[in-house]
Amino acid sequence: KQLLIQEQEKKEIDISVSKGYDIGLGSIVFLDVDEDDVYGPHRVVGKNISFGTSIKCVLKLNKKPIKLSDYVQSQQE
C-alpha cells in the first residue's frame with residue numbers, strides 16, 4: 001500500500017483553468033474535487049497558454065512535496 005501511495009504522488013495531472021493565468025511555476029494550488037487521489041494541494045510544474053479565437057490555459061500539477069535539496073546545493077570545501 002505504501003508503494004502505491006508513493007507512486008500516485010509522483011504522477012502529474014493537467015487541468016484547464018479559466019482564470020489564474022498569472023500563476024507561476026512552483027506555486028501551490030488547492031483542488032477541491034470529489035476524487036480523494038486528486039483532492040488537496042498541488043504544485044504547478046508546468047503551464048501552457050494558447051491564443052486563438054479564445055485563450056486556453058492548462059496547468060501541469062504534481063502532488064509530490066517540494067524538497068529543499070532540489071534547490072540548495074551544499075558547497076564542500
Side-chain angles (χ1 to χ4, degrees):
K1 186 174 181 176
Q2 182 71 15
L3 182 61
L4 180 61
I5 291 172
Q6 289 175 350
E7 185 64 28
Q8 287 176 347
E9 290 181 350
K10 293 180 185 177
K11 293 184 180 177
E12 295 179 347
I13 60 171
D14 292 346
I15 61 166
S16 294
V17 295
S18 58
K19 53 184 171 180
Y21 299 111
D22 59 342
I23 294 174
L25 295 179
S27 297
I28 303 293
V29 295
F30 192 92
L31 299 182
D32 187 8
V33 294
D34 294 333
E35 297 142 14
D36 290 338
D37 58 335
V38 177
Y39 179 88
H42 295 263
R43 180 166 314 281
V44 177
V45 294
K47 179 167 59 170
N48 184 4
I49 300 176
S50 349
F51 298 92
T53 55
S54 62
I55 300 174
K56 181 180 177 184
C57 182
V58 177
L59 300 178
K60 183 175 287 288
L61 306 177
N62 191 322
K63 256 189 145 174
K64 183 177 173 186
I66 190 169
K67 293 187 295 186
L68 187 57
S69 61
D70 292 341
Y71 296 94
V72 177
Q73 287 184 328
S74 63
Q75 185 176 10
Q76 298 189 5
E77 298 177 30

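Note that the numbering runs from 1 along the sequence shown for the chain.
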Compare every heavy atom of [Y] with every heavy atom of [X], then report the nearest pair and how far apart it is.
X: Glu12; Y: Val45; value: OE2-CG2, 3.6 Å
X: Ile23; Y: Lys47; value: O-NZ, 2.6 Å
X: Val58; Y: Ser16; value: CG2-OG, 3.9 Å

Side-chain (Lys63) to main-chain (Tyr39) donor-acceptor, under 3.5 angstrom: yes
Check: Ile28 main-chain N/O paired with Arg43 side-chain donor or acceptor under 3.5 Å: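 A pair under 3.5 Å: no.
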Sole residue of Asn48, Leu25, Asp14 in side-chain contact (heavy atoms from CB on, under 4.5 Å) with Lys60: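 Checked Asn48, Leu25, Asp14 against Lys60; only one passes side-chain contact (heavy atoms from CB on, under 4.5 Å): Asp14.
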From CA spacing to verdict: side chain to side chain contact (heavy atoms under 4.5 Å, CB included), Val44, Leu61: CA-CA 5 Å; Val44 177; Leu61 306 177; 3.7 Å; yes
Trace of the side chain to side chain contact (heavy atoms under 4.5 Å, CB included) decision for His42 with Asn62: CA-CA 5 Å; His42 295 263; Asn62 191 322; over 6 Å; no
Fellow cluster residues of Phe51, listed by chain then number, with links counted only when side-chain atoms sit under 4.5 Å apart: Tyr21, Ile49, Ile55
Flag side-chain contact, heavy atom, 4.5 Å: Ile15 against Leu31: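 A side-chain contact under 4.5 Å exists here.
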